[in-house]
Amino acid sequence: MTPANLAATVLSAARAVFETRGLDTSLLPGTTTMERPRNPEHGDYASTLALQLGKKTGVAPRELAAALAEELGRQPGIKSVEIAGPGFLNIRLDAAAAGVLARDIVLAGADYGQSATLRDERINLEFVSANPTGPVHIGGVRWAAVGDALSRLLRTAGATVGTEYYFNDAGSQIDRFAKSLYASAKGEPAPEDGYGGAYIAEIAAAVLAEAPDVLNEPEDAAIETFRRVGVDLMFAEIKQSLTEFGVHFDTYFNEKDLHNRGELQEALDRLREQGHIFEADGATWLRTTEFGDDKDRVLRKSDGDWTYFAADCAYYLDKRKRGFDRIVIMLGADHHGYIGRMKAMSACFGDDPAKNLEILIGQLVNLVRDGEPVRMSKRAGTVVTLEDFVDALGVDATRYALARYSSDSPINLDIAVWTKAGNDNPVYYVQYVAARTANVARNAADVGLTRGEPAGFHPELLSHEKENDLLKALGEYPAVVARAAELREPHHVARYLEEVAGAYHRFYDKCRVLPLGDEPITDLQRARLWLNDATRTVIANGLALLGVSAPERM
RNA sequence: GCGCUCGUAGCUCAGCGGAUAGAGCAACGGACUUCUAAUCCGUCGGUCGCAGGUUCGAAUCCUGCCGGGCGCGCCA
């Protein structure tokens with residue numbers, strides 16, 4: 001019996017109680033969640049349904065709980081139901097009903113955890129989107145890890161997802177980049193507002209290698225060559241770093257294309273039709289204050305140039321035209337000032353900003369060595385890059401560390417902690433379970449212990465306290481995935497995996513799987529092997545969501 | 001000044017309006033002739049920033065205050 005099954009059973013019991021008592025069944029919720037109490041005296045699972053319904057129906061919660069308990073007690077697989085406190089239902093399962101889960105998980109394999117929670121949603125997920133004027137830096141790294149994990153999470157919850165990197169290849173940042181390359185190639189210092197990292201010299205040299213005569217061209221043409229070739233090189237390098245980090249985007253979207261296809265004008269026309277455009281001081285404005293922004297925003301400047309915000313509008317419209325109904329954009333904390341204008345812009349298009357546009361804000365990340373933030377970079381001189389991160393921690397630890405915390409909280413990642421081989425390093429703690437379960441399975445095969453046919457599995461033998469705890473933890477996986485997807489918070493998966501890891505280590509410590517010496521193989525050992533393999537399935541599936549490997553041995 | 005956001009154990013952080021607020025680390029004390037001790041067990045540790053409010057019930061929701069971070073261009 002999975003928690004989802006149990007929840008359904010509790011709901012149908014509630015329906016039966018309502019019908020018997022002539023209560024309005026429309027007050028029943030569509031779903032209910034089962035809690036896993038910390039205190040073992042509170043049973044295997046607890047439900048607060050009677051408390052919630054007591055409020056709605058006006059019937060005393062304890063009275064409802066008593067009726068529910070009686071109804072539930074008759075259901076197969078349920079050992080006992082107790083009423084506690086103001087109306088909690090504390091439910092205990094038969095060992096057999098709980099144990100079957102081990103087999104269900106193994107048979108489901110990589111599909112365990114998949115759901116239809118977000119089935120009807122078409123989600124566009126944009127993250128990183130670093131300008132191709134330098135390597136991906138520390139903020140982008142956080143989003144690379146979290147955004148990629150989120151995309152996997154959303155797909156597992158049944159959504160149709162398109163991941164997207166907005167390649168900002170128009171605009172003045174690129175001009176500065178091109179001029180910086182040109183200056184570097186001529187051996188001159190970087191311009192006042194240019195880029196000065198060591199990577200500039202590398203890219204400039206690479207441009208020279210591809211276009212040896214570039215410095216003989218007139219300055220404008222030369223800068224144009226540096227822009228074109230330099231941006232291509234920089235972008236190839238960014239893509240390469242991301243690929244090595246295990247992050248792939250379905251779409252790399254060029255800002256230039258928006259301009260070339262006239263989509264900025266199209267967006268402006270659309271907004272004008274909606275009646276939110278006005279002209280003032282020679283510029284063209286969007287009246288975003290109508291929808292809560294703190295000031296109106298210019299789309300086209302008095303000199304005729306488009307603003308960056310105009311491109312944002314066109315890009316949003318483009319995504320919507322491609323059939324995405326939820327536009328999710330992940331930004332650094334320094335961009336949170338955009339939320340107001342973006343939400344307002346969505347409303348100006350006639351959309352519902354609460355539903356069609358989600359902007360997720362990620363707080364800062366510091367890489368810490370010996371208690372001091374790491375500021376040095378071999379390449380850029382000032383910022384920490386994706387490559388610096390991977391050099392310091394490795395891909396698995398970097399991805400896990402960044403996906404482990406709520407994006408709302410600023411984090412300090414201590415290099416010493418995340419490279420240590422021990423249980424104070426969360427990624428090792430979890431990965432070690434993957435290795436341990438694989439090792440147990442290998443050793444079992446060596447002595448002739450196999451799971452055997454599913455029909456020969458004896459779930460009732462998994463009655464040890466630690467087996468029960470582990471089963472309960474494994475049963476929560478689908479709900480954790482669904483909730484993490486809905487909340488857009490992959491860190492719940494990591495925290496959950498740490499719980500499963502703890503439960504497995506305690507099981508391993510107390511419940512031996514393999515026979516000792518020449519002992520004959522028993523059904524209990526076979527049942528435990530099912531549980532061992534079910535644990536490996538959950539750990540592997542969960543780590544895969546985070547883009548972290550589940551090693552066979554360590 | 002206005003806006004957003006955060007404030008939970010010595011540290012790093014979890015915590016869905018529910019039961020006695022948790023984990024890891026640190027500190028201290030235990031467990032390896034047995035499937036990998038990269039593990040497990042125990043002890044210590046809290047005015048959930050402060051003050052009100054809503055609620056049967058608040059770390060969680062609302063208001064105010066205090067403190068930290070960030071943002072407030074016809075920049076990108």
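Naming: A, B, ... by sequence-line order, numbering from 1 per chain. Heavy atoms only: backbone and side chains are in, while hydrogens, waters and symmetry mates are out.
In this entry the distance linking CG of Leu516(A) with C1' of rC32(B) reads 14 Å, nearest Å. The distance from atom CH2 of Trp285(A) to atom P of rG73(B) is 11 Å, rounded to the nearest whole Å. For the pair Arg553(A) CZ and rC35(B) C1', the interatomic distance rounds to 14 Å; values are reported in whole Å. With rounding to whole Å, Asp533(A) atom CG is found 19 Å from rC35(B) atom P. If you measure from atom NZ of Lys343(A) to atom C1' of rC4(B), you get 13 Å, rounded to the nearest angstrom. Rounded to a whole Å, the CE atom of Met554(A) is 18 Å from the P atom of rC35(B). Atom CG of Leu299(A) is separated from atom C1' of rC75(B) by 15 Å (rounded to the nearest Å). Rounded to an integer number of Å, the gap from Ile339(A) CD1 to rC4(B) C1' is 7 Å.
Picking from rA38(B), rC74(B), rC35(B) the nucleotide with the shortest atom distance to the side chain of Tyr508(A) gives rC35(B). Taking every side-chain heavy atom of Lys301(A) into account, rC75(B) is the closest of rC35(B), rC75(B), rA38(B).
Checking each of Thr437(A), Asn532(A), Asp469(A), Asp509(A) against Tyr504(A) for a side chain to side chain donor-acceptor pair (under 3.5 Å) leaves exactly one that passes, namely Asn532(A).
Partners of Asp293(A) under the side chain to side chain contact (heavy atoms under 4.5 Å, CB included) rule, at least two apart in sequence or in another chain, are Thr288(A), Arg297(A), Arg341(A), Ala344(A). For Phe278(A), the ring-ring contact (aromatic ring centres under 6.0 Å, His included) partners two or more places apart in sequence, or in a different chain, are Trp285(A). By the side chain to side chain contact (heavy atoms under 4.5 Å, CB included) test, Thr32(A) is found to be paired with Ala7(A), Leu11(A), Leu49(A), residues two or more places apart in sequence or in another chain being considered. For His259(A), there are no ring-ring contact (aromatic ring centres under 6.0 Å, His included) partners, not counting sequence neighbours. With sequence neighbours excluded, no residue forms a ring-ring contact (aromatic ring centres under 6.0 Å, His included) with Tyr428(A). When the side chain to side chain contact (heavy atoms under 4.5 Å, CB included) test is applied to Asp318(A), the partners found at least two apart in sequence or on another chain are Phe253(A), Leu258(A), Arg261(A), Glu263(A), Arg322(A). Residues satisfying the ring-ring contact (aromatic ring centres under 6.0 Å, His included) test with Tyr400(A), not counting sequence neighbours, are none.
At a threshold of 4.0 Å, the pair Glu467(A)-Lys510(A) does not count as salt-bridged, since none of the basic side-chain nitrogens sits closer than that to a carboxylate oxygen. Residues Asp533(A) and Arg536(A) are not paired through a salt bridge, judged by the lack of any N-O separation under 4.0 Å between the basic side chain and the carboxylate.
Looking at which nucleotide of RNA chain B each of His505(A) and Asp296(A) is closest to, the 5′-most match is held by His505(A).
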Exercise. For every nucleotide of nucleotides 10-25 of chain B, 5' to 3': is a protein heavy atom under 4.0 Å from its base (B), only from its sugar-phosphate (S), or from neither (-)?
Worked result: --SSSSB-BBB-S--S
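The salt bridge (Lys or Arg N to Asp or Glu O under 4.0 Å) analysis of residues 429-450 of chain A, with sequence neighbours excluded, yields the pairs Arg442(A)-Glu552(A). Listed by first and then second residue, the ring pair (Phe, Tyr, Trp, His ring centres under 6.0 Å) pairs that reach into residues 511-530 of chain A are Phe457(A)-Trp530(A), sequence neighbours excluded.
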I'd like a table of atom pairs between the protein and nucleotides 69-72 of chain B - only N or O on both sides, under 3.5 Å - with the distance next to each one.
from: rC70(B); atom 1: O2'; to: Ala333(A); atom 2: O; distance (Å): 3.1
from: rC70(B); atom 1: O2; to: His336(A); atom 2: NE2; distance (Å): 3.2
from: rC72(B); atom 1: O3'; to: Lys295(A); atom 2: NZ; distance (Å): 3.1
from: rC72(B); atom 1: O2'; to: Lys295(A); atom 2: NZ; distance (Å): 3.1

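Separation of the His464(A) and Phe507(A) ring centroids does not fall under the 6.0 Å cut-off.
Taking the C1' atom of each, rG1(B) and rU12(B) are spaced 35 Å apart, rounded to whole Å. Comparing the same atom, C1', in rC28(B) and in rG45(B) gives a spacing of 12 Å after rounding to whole Å. If you take atom P in rC72(B) and the same atom in rG46(B), they sit 42 Å apart, rounded to whole Å. Taking the P atom of each, rG10(B) and rC44(B) are spaced 15 Å apart, rounded to whole Å. rA23(B) and rG15(B): their C1' atoms are spaced 10 Å apart (whole Å). Rounded to whole Å, the C1' atom of rG7(B) lies 13 Å from the corresponding atom of rC13(B). One C1' atom belongs to rC25(B), the other to rA9(B), and the distance between them is 12 Å to the nearest Å. Spacing between rA51(B) and rC66(B) at atom C1', rounded to whole Å, works out to 11 Å.
Classified by its glycosidic torsion, rC32(B) falls in the syn category, the angle being within 90° of 0.
Here Arg436(A) lies in heavy-atom contact (under 4.0 Å) with sugar-phosphate atoms only.
Phosphate contact (OP1/OP2 of rC56(B), side-chain N/O of Arg62(A), threshold under 4.0 Å): absent.
Side chain Ser172(A) to base rC75(B): no donor-acceptor pair is found below 3.5 Å.
Stem analysis of RNA chain B (at least three stacked-register Watson-Crick or G-U pairs, each with both distances under 3.5 Å) gives B:1-7 with B:66-72, B:10-13 with B:22-25, B:27-31 with B:39-43, B:49-53 with B:61-65.
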